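For reference, the structure discussed in these notes is given below.
Values reported hereafter were calculated over all heavy atoms of this structure, with side chains retained and with hydrogens, waters and symmetry mates removed. Computed from a prediction, not measured in an experiment: that's the story for all the values here. Below, chains carry the letters A, B, ... as their sequence lines are ordered, and counting in each starts from 1.
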Amino acid sequence: MARILITSALPYINGIKHLGNLVGSQLPADLYARYMRARGHEVMFICATDEHGTPAEIAAQKAGKPVAEYCAEMHQVQADIARRFGLSFDHFGRSSSDRNRVLTQHLARRLGENGLIEVVTEKQVYSIADGRFLPDRYIEGTCPNCGYERARGDQCEECTKQLDPTDLINPRSAISGSTDLEVRETKHLFLRQSRLRDRLDAWIDSQSGWPVLTTSIAKKWLHDGDGLQDRGITRDLDWGIPAQFPGAPWEGMEGKVFYVWFDAPIEYIGATAEWADAHGLDDAAWERWWRTDKGADDVRYVQFMGKDNVPFHTLSFPATLIGSEEPWKLVDYIKSFNYLNYDGGQFSTSQGRGVFMDQALELLPADYWRWWLLSHAPENSDSEFTWENFQASVNKDLADVLGNFVSRVTKFCRSKFGESVPEGGAWSDTERALVDDLESRVRAYERLMEAMEVRKAAQELRAIWVAGNEYLQSAAPWAAFKTDPERAAAIIRLSLNLIRLYAVLSAPFIPFASARMLAAMGSTDDAWPQDLEAALTVLKPGHAFTVPDVLFAKIADDQRADWQARFAGRRG
RNA sequence: GGGCCCGUAGCUCAAUGGUCAGAGCAGAGCGCUCAUAACGCUUUGGUUGCAGGUUCGAGUCCUGCCGGGCCUACCA
């Protein structure tokens with residue numbers, strides 16, 4: 001048994017996430033966590049809301065609530081939706097937790113003691129009306145290059161020219177529209193990542209088998225131009241983890257907080273500590289996942305994230321941990337995803353474009369979405385959600401191939417033998433051929449799941465379902481029943497066992513339907529099949545089962561058209 | 001501007017430089033009648049974006065071009 005630490009990129013607090021966010025980190029992480037648990041490994045699956053930063057403050061302002069209250073509410077909303085999607089976090093924490101504050105301040109102090117933090121004075125734009133410094137993106141104005149009137153302080157979206165906020169003509173606050181701006185001096189802590197470049201470079205070189213998407217981004221940051229740049233890790237904000245605390249080796253940090261990207265990944269550790277607290281366990285319980293001097297040396301740590309998050313996980317966060325000179329567990333494998341597009345464009349939180357997690361659950365049960373998203377996960381390139389494709393895939397795979405298999409087997413048995421596993425008859429070559437076929441398919445499925453080849457694993461699982469229908473076609477119990485009822489009984493006995501097997505194998509993808517299948521078979525045996533022949537004789541003659549209601553209802557054309565129209569514009 | 005990724009069947013996607021570029025869906029034909037008008041079998045469909053090059057051999061490597069995307073360090 002191995003010990004596997006799994007983290008999903010933290011969803012930002014300022015709203016409900018869309019399907020593109022879901023498929024890029026939380027959902028594949030859940031798939032992997034469920035699979036590894038099913039294989040008997042010890043799993044710690046961690047996620048949390050990422051609650052700091054300017055967007056959270058602005059979202060709270062818009063909602064007319066204090067930011068702490070807003071975050072607490074949104075955390076509950078996100079936790080509830082995650083639960084309804086079947087995301088099986090061992091703990092869903094908050095980056096605003098006490099645990100994260102203590103850890104973040106601790107790591108910052110260690111970095112400071114190791115000479116890796118310096119105080120830098122810089123000039124930033126301050127908005128008097130808003131009472132805050134403005135990040136570059138929150139300053140709008142006319143582009144000096146092309147004259148576009150809504151250029152942002154970091155870049156003009158119209159002509160793509162890189163800008164400095166002071167380049168803008170008629171600059172104004174993107175928050176309030178106020179033009180009452182001034183440039184003020186402010187001091188910030190900088191993490192001297194440049195000093196860690198060679199160690200980070202060597203660390204990345206020592207990792208094998210990382211996706212191109214992952215290493216190419218890291219390498220570019222390490223080697224482009226002057227190499228890895230030092231990075232500001234504090235901000236002039238009210239909401240966040242204070243950058244001033246007893247023992248801090250810096251002066252002049254009063255009223256400043258750590259930059260959200262400094263404290264957010266530390267919350268992976270913080271949330272594990274929160275998990276220990278929630279279960280009444282001591283520090284040793286979480287430290288054995290994170291401290292290689294306290295038992296984490298045999299942990300395999302896998303991170304899941306969208307491609308936009310990669311630099312922070314390959315460079316910033318490791319720089320924090322390595323620079324502390326403490327034995328923290330570093331990531332072993334990063335699984336990164338491209339983007340899921342929506343009907344020819346991007347999903348967009350800010351524009352409300354696409355389908356959001358709460359809306360998805362209003363339309364259909366979580367398993368429909370889980371199946372489609374995972375079987376179409378954007379692993380190699382951006383992929384595309386269309387309603388036609390969603391309808392076709394879900395109807396065919398879930399309703400026709402799997403759902404109908406369960407239906408035809410259980411209903412045939414009920415009408416010919418009653419609602420218990422029939423006895424009599426014996427396996428023939430047909431059954432042995434099926435077992436051989438499943439043996440190789442299940443092993444292939446295991447290899448793909450271990451390699452986190454999400455799409456291919458889904459394909460293999462589907463092929464395993466199809467094998468059941470092929471078997472029924474060749475064994476033809478409806479024909480056998482007329483001349484040799486015992487032969488039909490043997491076929492159906494195996495088929496009922498196939499349903500139980502499918503429930504176990506499919507659970508990482510479609511946990512809710514799997515639970516229903518297992519319940520219908522009257523079984524609690526969800527052990528992973530080590531030996532297929534044994535796994536297909538678990539349900540013995542005389543064992544009672546029930547015919548489940550339709551497992552997956554098909555999506556009708558008019559439903560699809562309706563949803564398509566309803567989700568064509570912005571979220572209302 | 002710079003870096004990187006992608007472009008393969010009508011659609012969604014596969015193919016360590018090595019048989020005839022493969023699956024699923026959609027389409028066509030046949031079979032089956034247990035089942036959610038479901039299932040099974042067979043089958044049509046390709047100048048691998050374009051133009052060159054390297055190689056015994058290129059979807060894969062190189063150069064250029066066309067198209068799409070991501071990042072570019074203060075959105076997260």
(message) Just to be sure I understand: a Watson-Crick pair is purine N1 to pyrimidine N3 plus N6-O4 or O6-N4, both under 3.5 Å. Using that and G-U wobbles, which stems of three or more pairs involve RNA chain B?
(response) B:1-7 with B:66-72, B:10-13 with B:22-25, B:27-31 with B:39-43, B:49-53 with B:61-65
(message) Once salt bridge (Lys or Arg N to Asp or Glu O under 4.0 Å) is applied, do any residues pair with Arg500(A), and if so which ones, sequence neighbours excluded?
(response) Asp525(A)
Dump the pairs, protein N or O against N or O of nucleotides 36-39 of chain B, anything under 3.5 Å, distances to one decimal.
unit_1	atom_1	unit_2	atom_2	d
rU36(B)	OP1	Lys411(A)	NZ	2.2
rU36(B)	N3	Phe552(A)	O	2.8
rU36(B)	O4	Phe552(A)	N	3.3
rU36(B)	O4	Phe552(A)	O	3.4
rA38(B)	OP1	Lys554(A)	NZ	3.2
rA38(B)	O5'	Lys554(A)	NZ	3.1
rA38(B)	O2'	Asn404(A)	OD1	3.4
rA38(B)	O2'	Asn404(A)	ND2	2.4
rC39(B)	OP1	Lys396(A)	NZ	2.9
rC39(B)	OP2	Lys396(A)	NZ	3.4
rC39(B)	O2'	Arg408(A)	NH1	3.1
rC39(B)	O2	Gln473(A)	OE1	3.3

(message) Going by side-chain hydrogen bond (donor to acceptor under 3.5 Å, both in side chains), His52(A) matches just one of Asn100(A), Asp263(A), Thr104(A). Which one?
(response) Asp263(A)
(message) Tell me which residues in residues 479-501 of chain A lie within less than 4.0 Å of RNA chain B, going by non-hydrogen atoms.
(response) none
(request) Determine, using ring centers only, whether Tyr502(A) and Phe405(A) are less than 6.0 Å apart. (result) yes
Say you pick atom [atom1] in [N] and the same atom in [M]; how far apart are they, in whole Å?
N: rC13(B); M: rU48(B); atom1: C1'; value: 14 Å
N: rG17(B); M: rG7(B); atom1: P; value: 14 Å
N: rU19(B); M: rC56(B); atom1: C1'; value: 15 Å
N: rG24(B); M: rC39(B); atom1: P; value: 13 Å

Distances under 3.5 Å between protein N/O atoms and the N/O atoms of nucleotides 15-17 of chain B, please, pair by pair.
unit_1	atom_1	unit_2	atom_2	d
rA15(B)	OP1	Lys456(A)	NZ	3.0

(message) Closer than 4.0 angstrom, basic N to acidic O: yes or no for Asp400(A) and Lys554(A)?
(response) yes
(request) For Phe304(A), enumerate each residue passing the ring pair (Phe, Tyr, Trp, His ring centres under 6.0 Å) test, keeping only those at least two apart in sequence or located in another chain. (result) Tyr32(A)
(message) Show every salt bridge (Lys or Arg N to Asp or Glu O under 4.0 Å) that has at least one partner inside residues 483-496 of chain A, sequence neighbours left out.
(response) Glu431(A)-Arg487(A)
(message) Output the rounded distance in Å from CH2 (Trp221(A)) to C1' (rU72(B)).
(response) 8 Å
Name each donor-acceptor pair under 3.5 Å that joins a side chain in residues 308-319 of chain A to protein atoms two or more places apart or in another chain, with its distance.
unit_1	atom_1	unit_2	atom_2	d
His313(A)	ND1	Asn309(A)	O	2.9
His313(A)	NE2	Tyr268(A)	OH	2.7
Thr314(A)	OG1	Val310(A)	O	3.0

(message) Test of understanding: with side-chain hydrogen bond (donor to acceptor under 3.5 Å, both in side chains), list the residues that count as partners of Ser127(A), not counting sequence neighbours.
(response) Asp130(A)
(message) Trp563(A): which residues meet the side-chain hydrogen bond (donor to acceptor under 3.5 Å, both in side chains) condition with it, sequence neighbours left out?
(response) none
(message) Would you say the base of rC34(B) stacks on Trp478(A) (centre-to-centre below 5.5 Å, plane angle below 30°)?
(response) yes
(message) Quick test of your reading: applying ring pair (Phe, Tyr, Trp, His ring centres under 6.0 Å), list the pairs with at least one residue in residues 471-500 of chain A, sequence neighbours left out, ordered by first then second residue.
(response) Phe417(A)-Phe481(A)
(request) Kindly state each residue pair satisfying side chain to side chain donor-acceptor pair (under 3.5 Å) with at least one member in residues 456-469 of chain A, sequence neighbours excluded. (result) Asp397(A)-Arg462(A), Arg408(A)-Asn469(A), Arg441(A)-Glu460(A), Trp465(A)-Ser506(A)
